Amino acid sequence: MLLHTATEEIGHIEMLATAVALNLDQAPLTLQETAAAANPVVNAVMGGERPRHVVEGMLQQHLLSSGLAAMPVNSDGIPFDCSHVYASGNVAGDMFANVTAEATGRTLAVRLYNAAKDPGMKDMRSFLIARDTMHQQQWLAAIEELGGMKALPIPNSFDQSLERQEFSYVYMGTNVNGEPPPEGRFNTGPSMDGKAQFSTIQSTPLGEVPVLGPAREGSGAQAEQIGKV
């Protein structure tokens with residue numbers, strides 16, 4: 001499942017990079033300013049009222065780096081690499097991360113769909129949005145196959161008797177005046193794994209005030225920090 005979906009996602013990168021290149025083919029360098037002036041959302045994303053050379057510089061980067069050809073980069077010009085791949089070694093945790101990634105990706109795709117005017121671009125976006133729908137469903141199905149909420153907490157291989165269980169299912173309020181936080185599903189009723197009941201306490205210091213040693217010689221700290229004065 002992972003290999004098939006990963007291969008599909010690489011294909012999506014190729015589709016998006018090619019679509020950008022096709023849209024920029026024969027486009028004048030002033031087109032970006034025209035698009036920004038016509039669409040307030042695009043204008044805001046591209047920098048609003050920033051100096052003209054800064055706005056143009058966003059397109060100039062693509063021009064200078066690739067001659068407006070297809071580039072496998074995100075909207076900020078950062079190349080796609082493994083820095084955004086979550087592989088913790090815990091399959092259930094990674095499935096939850098996949099759901100999050102698909103949800104944020106689908107949100108971005110919907111925004112781009114709404115901003116697009118070209119029918120071909122909207123059609124491609126519609127396809128990609130549909131694939132994000134399926135991918136959310138398949139990751140959730142995998143989580144269900146792994147035990148769903150009953151498999152929590154992740155990792156479930158750790159003996160919970162070894163954790164400070166008085167803090168395992170308690171919501172900590174952090175208001176300075178001690179005012180209790182609002183009640184919600186997050187702090188009332190049974191826990192999501194069905195193992196306990198949620199409760200609420202006011203967060204208080206659990207240890208002593210830390211006393212750090214002096215700064216080291218040669219660290220570049222002040223003499224007072226090192227203890228020479």
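Here the structure is a predicted model, which is why all the values come from computation and not from measurement.
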Check the pair Phe198 / Val170 against side chain to side chain contact (heavy atoms under 4.5 Å, CB included), numbers first and verdict last. CA-CA 6 Å; Phe198 288 137; Val170 60; over 6 Å; no
For atom CD of Glu166, decide whether the heavy atoms of other residues, nucleotides or ligands shown that lie under 6.0 angstrom number more than 12. yes
Nearest heavy-atom pair of Thr174 and Ser203: which atoms, and what distance? CG2-CB, 4.1 Å
Do Ile10 and Leu16 share a hydrophobic cluster (ILVMFWY, side-chain heavy atoms under 4.5 Å, transitive)? no
Donor-acceptor pairs are to be reported for all side-chain atoms of residues 177-184 against protein atoms at under 3.5 Å, with residues two or more places apart or in another chain.
residue	atom	partner	partner atom	Å
Asn177	OD1	Glu179	N	2.9

For Phe186, all residues meeting ring-ring contact (aromatic ring centres under 6.0 Å, His included), sequence neighbours excluded: Tyr171
Distance check, rounded to the nearest 0.5 Å: Glu14 atom CD versus Glu9 atom CD? 13.5 Å
Could you report the tightest heavy-atom contact between Met1 and Ala142, atom names first, then the distance? CE-CB, 4.3 Å
Residues Pro214 and Ile226: closest non-hydrogen pair is CB-O, 3.7 Å
Single-linkage hydrophobic cluster, 4.5 Å side-chain cutoff, Met121 and Val20 together: no
If you group Ile, Leu, Val, Met, Phe, Trp and Tyr by side-chain heavy-atom gaps below 4.5 Å, do Leu140 and Leu2 land in one group? yes
In Å, rounded to the nearest 0.5 Å, how long is the span from CG of Leu112 to NZ of Lys122? 10.5 Å
For the residue pair Gln160 and Lys195, what are the closest heavy atoms and their distance? OE1-NZ, 3.2 Å
Could you check whether atom CZ of Arg164 has more than 12 heavy atoms from other residues, nucleotides or ligands sitting under 6.0 Å from it? no
Using modelled atom types only, decide if a donor and an acceptor are shared between the side chain of Asp123 and the backbone of Pro119 within a distance under 3.5 Å. no
Between Thr107 and Arg111, is a side chain to side chain contact (heavy atoms under 4.5 Å, CB included) present by the stated rule, with each step listed? CA-CA 6 Å; Thr107 300; Arg111 290 171 181 161; 3.7 Å; yes
Would you indicate whether the side-chain heavy atoms of Thr100 and Phe96 approach each other to under 4.5 Å? no
Given side chains that start at C-beta, do those of Leu206 and Phe167 come closer than 4.5 Å, heavy atoms only? yes
Side-chain donor-acceptor pair present, Glu163, Ser168, cut-off under 3.5 Å: yes
Any luck finding a side-chain donor-acceptor pair between His12 and Glu8 under 3.5 Å? yes
hydrophobic_cluster_shared for Met149 and Val99, side chain cutoff 4.5 Å: yes
Before giving the answer on side chain to side chain contact (heavy atoms under 4.5 Å, CB included), spell out for Thr133 and Glu102 the whole-Å C-alpha distance, their side-chain angles and the decisive distance to 0.1 Å. CA-CA 8 Å; Thr133 298; Glu102 296 288 354; over 6 Å; no
What's the shortest heavy-atom distance between Ala109 and Asp132, and which atoms? CB-OD2, 4.2 Å
Does the side chain of Tyr169 come under 3.5 Å of the side chain of Asp193 through a donor N or O and an acceptor N or O? yes
Please name the pair of heavy atoms, one in Gln136 and one in Ala103, separated by the smallest distance, quoted to 0.1 Å. NE2-CA, 3.7 Å
How far does OG1 of Thr5 sit from CD of Gln138, to the nearest 0.5 angstrom? 4.0 Å
According to a hydrophobic-cluster definition based on side-chain heavy atoms being under 4.5 Å apart (Ile, Leu, Val, Met, Phe, Trp, Tyr only), do Met124 and Phe127 belong together? yes
Taking everything shown except Leu3 itself, do over 12 heavy atoms lie less than 6.0 Å from its CG? no
Worked check of side chain to side chain contact (heavy atoms under 4.5 Å, CB included) between Arg106 and His135: CA-CA 10 Å; Arg106 191 172 187 274; His135 291 163; over 6 Å; no
Side-chain H-bond candidate by donor/acceptor type, Ser88 with Asn90, under 3.5 Å: no
Please answer whether the main-chain N or O of Ala215 pairs with a side-chain N or O of Ser219 as donor and acceptor at a distance below 3.5 Å. no
